[in-house]
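Start at 1 with the first residue, then count along the sequence.
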Amino acid sequence: MEHITLLIGIVIVTALVFDFTNGFHDTANAMATTISTGALRPKTAVAMSAVLNLVGAFLSVEVAKTISGGIIDEASGIRPEVIFAGLVGAIVWNLVTWLAGLPSSSSHALFGGLIGATLVSVGTHGVHGEAVVMKVLIPAVAAPFVAGLASMAATRLTYRLARGRDEADTAKGYRAGQIASAALVSLAHGTNDAQKTMGVITLALITGGVVAPHADPPLWVIASAGLAIALGTYLGGWRIIRTMGKGITDIQPPQGFAAQTGAAATILASSHLGFALSTTQVCSGSVMGSGLGRKGGVVRWSTAGRMVAAWALTLPAAGAVAAGAAFLAGQGTWGVGAVAVLALGVCGAIWAASRRKPIDHTNVNEGPAAEPVGVVTAALRAVSPPPAGHPAPPADAPADTAVPDLAVATDTPTTPAPRAQAATVTR
């Protein structure tokens, strides 16, 4: 019993470490667009997000129930070391994608870790396959598309309503709207992501016989999970904030407002239904939708492609790491210790690698290099003149040159098409 008690303590600490990494990994979801448009100073933005994440953790427990009793079968022989191994897989993948600046899903890293560890330890009967499909895989595919379409429609509507208005007159209102919508996303993030750690800790308590099966998370679990994710949020995942704020598209205040409002509505609806949705995928889809919704907006598809690849790899990669950790942890006390030492070594190496090119609040808004002009953009530049008052860009200008009537660029480099005589504009 003493061994189980100690092991449960280790699992709880590891779960809170995961919650901490979830916080700084997902800060970009709420605040990247607000920071990139200058609506809030970087440190102010992450502080506000941290407080609202903490508040959101107390609003619901539906997602926590999905984690503690929906994905994994509590009665299948799951032991605390299995949960420990799953958390190790999730933490390692979170840090790898953070180092790469890729906004991958912390939620799916956790699911992949728990599933991989369970499969190795107790077999397929320990995983509720139907729940995985209905509450993880289908929302994972649908969420970015739903959020992207909503954001694209909202962006187009926003620009249409503001047509003919002076940009300086509307900018202040949009920035205020961005702050309000970012606050809503932060609150929604707390109601969804903080609960995942609550569910894991509750699952560990159930497997150790500390609480009854199907029990709600105790109050101290809710408070500790909320504090851990809030602290991680306050430190700020600056690498991922840069990717979402500057790497996907160049966001203007109306786009930021539309993207965050659409994302918040999607996340809050999923929390109410008990779907453990990836807030990262929702917010990334919203940002891409806002780029498509603005006439002349540019989506950097190479960055988007890397993000999608990371999303696809998250479940199997975290599951593979967790499976290895579960096999080692299953060898006994020495195995659990070995997993802990190896995990600390990997995390330390990743942190050391991040110090070679540090990114923080002082340089987070330094955008990426321009991508080469795409075939679609080149063709449209050849036949479609820019609006009056905007000089035509050079034929070899990069794809993200800001011209209001240009269509979205692609990544395929090509030789720019010759300009049609009728579209020539005197410089």
(message) The test is side-chain contact (heavy atoms from CB on, under 4.5 Å); show your working for T124 and L119 and say whether it passes.
(response) CA-CA 5 Å; T124 56; L119 290 175; 4.0 Å; yes
(message) Is there a side-chain contact between L137 and L315 in this structure, where contact means two heavy atoms from C-beta onward sitting under 4.5 Å apart?
(response) yes
(message) When you measure from the side chain of T21 to the backbone of F18, do you find a donor-acceptor pair of N or O atoms at a distance under 3.5 Å?
(response) yes
(request) State, with a plain yes or no, whether a side-chain heavy atom of L110 is found less than 4.5 Å away from one of L87. (result) yes
(request) Just do the side-chain contact (heavy atoms from CB on, under 4.5 Å) check on L16 and I201 with the steps written out, would you? (result) CA-CA 9 Å; L16 294 176; I201 295 176; 4.0 Å; yes
(message) Counting C-beta onward and ignoring hydrogens, is there a side-chain heavy-atom pair between T261 and F257 closer than 4.5 Å?
(response) yes
(request) Evaluate the side-chain proximity of P358 to R355: yes if any heavy-atom separation is below 4.5 Å, no if none is. (result) yes
(request) With the side chain counted from C-beta on, respond yes when V82 and T118 share a heavy-atom pair under 4.5 Å apart, and no when they do not. (result) yes
(message) Determine whether a donor-acceptor pair (N or O, by modelled atom type, separation under 3.5 Å) exists between the side chain of S121 and the backbone of A117.
(response) yes
(message) Does the plane of the ring in F20 sit parallel, tilted or perpendicular to the ring in F24? Use 30° and 60° as the thresholds.
(response) perpendicular
(request) Determine whether K43 and R41 make a side-chain contact, defined as any pair of heavy atoms from C-beta on separated by less than 4.5 Å. (result) no
(message) Measuring only between side-chain heavy atoms, which start at C-beta, is L231 closer than 4.5 Å to D19?
(response) no
(message) If you compare all heavy atoms of P103 against all heavy atoms of M307, which two are closest, and at what distance to 0.1 Å?
(response) CD-CG, 3.7 Å
(message) I'd like to know if the side chain of W93 and the backbone of S106 have a donor-acceptor N/O pair within less than 3.5 Å.
(response) no
(message) Take a 6.0 Å sphere around CZ of R160 and say whether it holds more than 12 heavy atoms from other residues, nucleotides or ligands.
(response) no
(request) Mark yes or no for whether S151, through its side chain, and S286, through its backbone, hold a donor-acceptor pair below 3.5 Å. (result) yes
(message) Looking at every heavy atom in both L40 and M48, which two are closest together, and how far apart are they?
(response) CD1-CE, 4.0 Å
(message) So which atom in I91 and which in C347 form the shortest heavy-atom distance, rounded to 0.1 Å?
(response) CG2-SG, 4.1 Å
(request) Find the distance between CD1 (I229) and OG1 (T197) and round it off to the nearest 0.5 Å. (result) 6.5 Å
(message) Which residues pass the ring-ring contact (aromatic ring centres under 6.0 Å, His included) test with Y159, not counting sequence neighbours?
(response) none
(request) Determine, step by step, whether M152 and L149 satisfy the side-chain contact (heavy atoms from CB on, under 4.5 Å) criterion, reporting the C-alpha distance in whole Å, the side-chain angles of both residues, the deciding distance to 0.1 Å, and the verdict. (result) CA-CA 5 Å; M152 182 171 66; L149 289 173; 3.9 Å; yes
(request) List the atom of T97, the atom of S104, and the distance in Å for their closest heavy-atom pair. (result) OG1-OG, 3.0 Å
(message) What's the separation between atom CG in L187 and atom CG in L54, rounded to the nearest 0.5 Å?
(response) 10.5 Å
(request) Indicate yes or no: at least one non-hydrogen side-chain atom of V221 is less than 4.5 angstrom from one of L205. (result) yes
(request) Report the C-alpha distance between W98 and S354 in whole Å, list the side-chain angles of each, state the deciding distance to 0.1 Å, and finish with yes or no for side-chain contact (heavy atoms from CB on, under 4.5 Å). (result) CA-CA 9 Å; W98 165 75; S354 72; 3.4 Å; yes
(message) Quick check for you: to the nearest 0.5 Å, what is the distance between I35 atom CD1 and R242 atom CZ?
(response) 12.5 Å
(request) With rounding to the nearest 0.5 Å, note down the distance linking CG in L102 to CZ in R239. (result) 11.0 Å
(request) For F58 and A223, work out which heavy atoms get closest and say how close. (result) CZ-CA, 3.8 Å
(message) So, taking the atom named NE2 in H128 and the one named CE in M134, what distance separates them when rounded to the nearest 0.5 Å?
(response) 15.0 Å
(request) Give the minimum heavy-atom separation between I222 and A57, together with the two atoms involved. (result) CG2-O, 3.5 Å
(message) Nearest 0.5 Å, please: how far is CG in L52 from CG in L184?
(response) 9.5 Å
